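Data block below; observations after.
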Amino acid sequence: QVQMVESGGGLVQAGGSLRLSCVASGSIVSISAMGWYRQAPGKQRDLVAHITSGRNTNYADSVKGRFTISRGNAKNTVYLQMNDLKPEDTAVYSCYVRGATMTQYDGHYWGQGTQVTVSS
C-alpha cells in the first residue's frame, strides 16, 4: 500500500502564492521520480512539474518561471512552490510517485488531489 498525503491547496487571489506539499508513505521502498499534475474541469490531467531522484526537473511551459518543484530533506517528500498564480491555474493538483514497493518493481502512484482555486 502506497499513500501520498497532499496539503497546501486553497483559495488565493491572482498574483498570490501557495506551497503544495506531498509525503509518500506506506510500502514504497525506492522512488525514481515525483511530480505534480493538475486537472481542470473538462480537461485532461497534465504534467505541471516533475523531479527525478537525481534532482533533474521539468516544467510545463505554462508554469515556467512561476512554479518551482523541489525535494525535501526526506526523500519521500516533494514540494511545489507556486508564485504569481493565475485564474487558469485553477485545478485539482495531484501528487505523483514512480518507484518500487515490496511487491512491484516499477509502479506509478497518485494522490487523491488537492484543490487550488485562483480568483481574478
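Residues: numbered from 1 along the sequence shown. None of the values given here were measured: they were computed from a predicted structure.
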Check [X] against [Y] and note the closest heavy-atom contact, atom names and distance.
X	Y	result
R71	S53	NH1-CA, 4.0 Å
N76	M34	O-CE, 3.7 Å
R55	G72	NH2-O, 4.2 Å
E6	Y93	OE2-O, 3.8 Å
G99	Y109	O-CE1, 3.9 Å
G113	S94	CA-OG, 3.7 Å

Identify whether [X] and [Y] are in the same connected component of the hydrophobic contact network (ILVMFWY, side-chain heavy atoms under 4.5 Å).
X	Y	result
W110	L47	yes
V92	V116	no
V12	M82	yes
Y37	Y79	no

Expected output: side-chain T117 to main-chain T90 donor-acceptor under 3.5 Å: no
Check the pair R98, D106 against salt bridge (charged side-chain N to carboxylate O under 4.0 Å, His left out), reporting the backbone distance first and the verdict last. CA-CA 7 Å; R98 181 179 182 179; D106 189 9; 2.8 Å; yes
Can you tell me how far CD1 of I69 sits from CH2 of W36, rounded to the nearest 0.5 angstrom? 8.0 Å
Calculate, to the nearest 0.5 Å, the distance between atoms OG and NZ belonging to S120 and K86 respectively. 14.0 Å
Side-chain heavy-atom pair [X], [Y] within 4.5 angstrom cut-off:
X	Y	result
N56	N58	no
V97	V2	no
D89	R38	yes

When you look at K64 and D61, which way does the salt bridge (charged side-chain N to carboxylate O under 4.0 Å, His left out) test go after all the steps? CA-CA 5 Å; K64 287 181 179 178; D61 288 340; 3.1 Å; yes
Which of these passes side-chain contact (heavy atoms from CB on, under 4.5 Å) with F67: L18, N83, V48, L20? V48
Would you check, one step at a time, whether the test side chain to side chain contact (heavy atoms under 4.5 Å, CB included) holds for T103 with S27? CA-CA 9 Å; T103 59; S27 60; over 6 Å; no
Are there more than 12 heavy atoms of other residues, nucleotides or ligands under 6.0 Å from atom CD of Q112? no
Which class fits the ring pair H108 and Y96: parallel under 30°, tilted 30 to 60°, perpendicular over 60°? tilted
